[in-house]
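The structure appears right after this line, and notes come after that.
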Amino acid sequence: MNHIENITTSNNTLQNTTMTFECLQTDFKMIVEFKKRGLIMLQRYTVGSREDSAKDCTKIQAPCYAQYVPLIQTLSKLNLISPIPTVNGNIVDFVDGSL
């Protein structure tokens, strides 16, 4: 297969993939649809704050965020690990010990 055939094949694949999501034209519609299919969302948490300037030139404290992929939920969803028993988000059982 030469380079032009590779490019054509890649372009066709991309167009077919893009057409799959034509009905999901906004981020909101995409998130709703993917949640129905079991999407595990990124979790956001505050890592600190920074000093920022407001429109009236005053200094304000603005939060700084980071995101992470909930690994245990993701691996459980993919059936790579067995679900870990939790109560209110806290692990309630260990194999090597007890709480």
Side-chain angles (χ1 to χ4, degrees):
M1 193 181 267
N2 64 28
H3 294 296
I4 293 176
E5 290 174 342
N6 283 338
I7 292 171
T8 303
T9 303
S10 298
N11 190 27
N12 289 340
T13 302
L14 181 62
Q15 285 179 351
N16 291 339
T17 303
T18 305
M19 289 174 23
T20 303
F21 299 107
E22 280 184 351
C23 63
L24 306 174
Q25 296 174 353
T26 65
D27 289 342
F28 176 77
K29 289 180 180 180
M30 288 172 70
I31 290 171
V32 168
E33 182 62 30
F34 291 148
K35 277 186 177 179
K36 284 183 200 174
R37 297 176 186 215
L39 172 72
I40 297 173
M41 299 294 294
L42 292 173
Q43 301 295 313
R44 184 173 86 162
Y45 63 97
T46 305
V47 293
S49 62
R50 69 181 189 283
E51 193 172 272
D52 208 351
S53 298
K55 289 182 180 179
D56 61 356
C57 296
T58 58
K59 300 289 184 187
I60 59 171
Q61 292 293 318
C64 296
Y65 299 105
Q67 295 178 333
Y68 70 94
V69 175
L71 190 58
I72 292 174
Q73 289 177 327
T74 303
L75 295 175
S76 295
K77 187 75 172 177
L78 297 172
N79 294 322
L80 297 175
I81 62 171
S82 59
I84 297 173
T86 60
V87 172
N88 296 328
N90 298 318
I91 298 174
V92 294
D93 193 12
F94 289 111
V95 174
D96 296 328
S98 61
L99 291 175

Give me the atom names and distance for the closest heavy-atom approach of Arg50 to Pro63.
NH1-O, 3.2 Å

Is there a side-chain contact between Met30 and Glu33 in this structure, where contact means two heavy atoms from C-beta onward sitting under 4.5 Å apart?
no

Within-4.5 Å side-chain heavy-atom neighbours: Gln43 and Gln67
no

Under 3.5 Å, side chain of Arg44 to main-chain N/O of Ala66, donor-acceptor pair present?
no

Let me confirm one number: the CD-CD distance from Gln61 to Glu51, rounded to the nearest 0.5 Å.
5.5 Å

If you round to the nearest 0.5 Å, how far is NZ of Lys35 from CD1 of Ile40?
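Rounded to the nearest 0.5 Å, the CD1-NZ separation comes to 12.0 Å.
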
Quick check: is Phe34 connected to Val32 through a chain of hydrophobic side chains (ILVMFWY, heavy atoms under 4.5 Å apart)?
no

Within one Ile-Leu-Val-Met-Phe-Trp-Tyr cluster: Leu42 and Ile31, side-chain cutoff 4.5 Å:
no

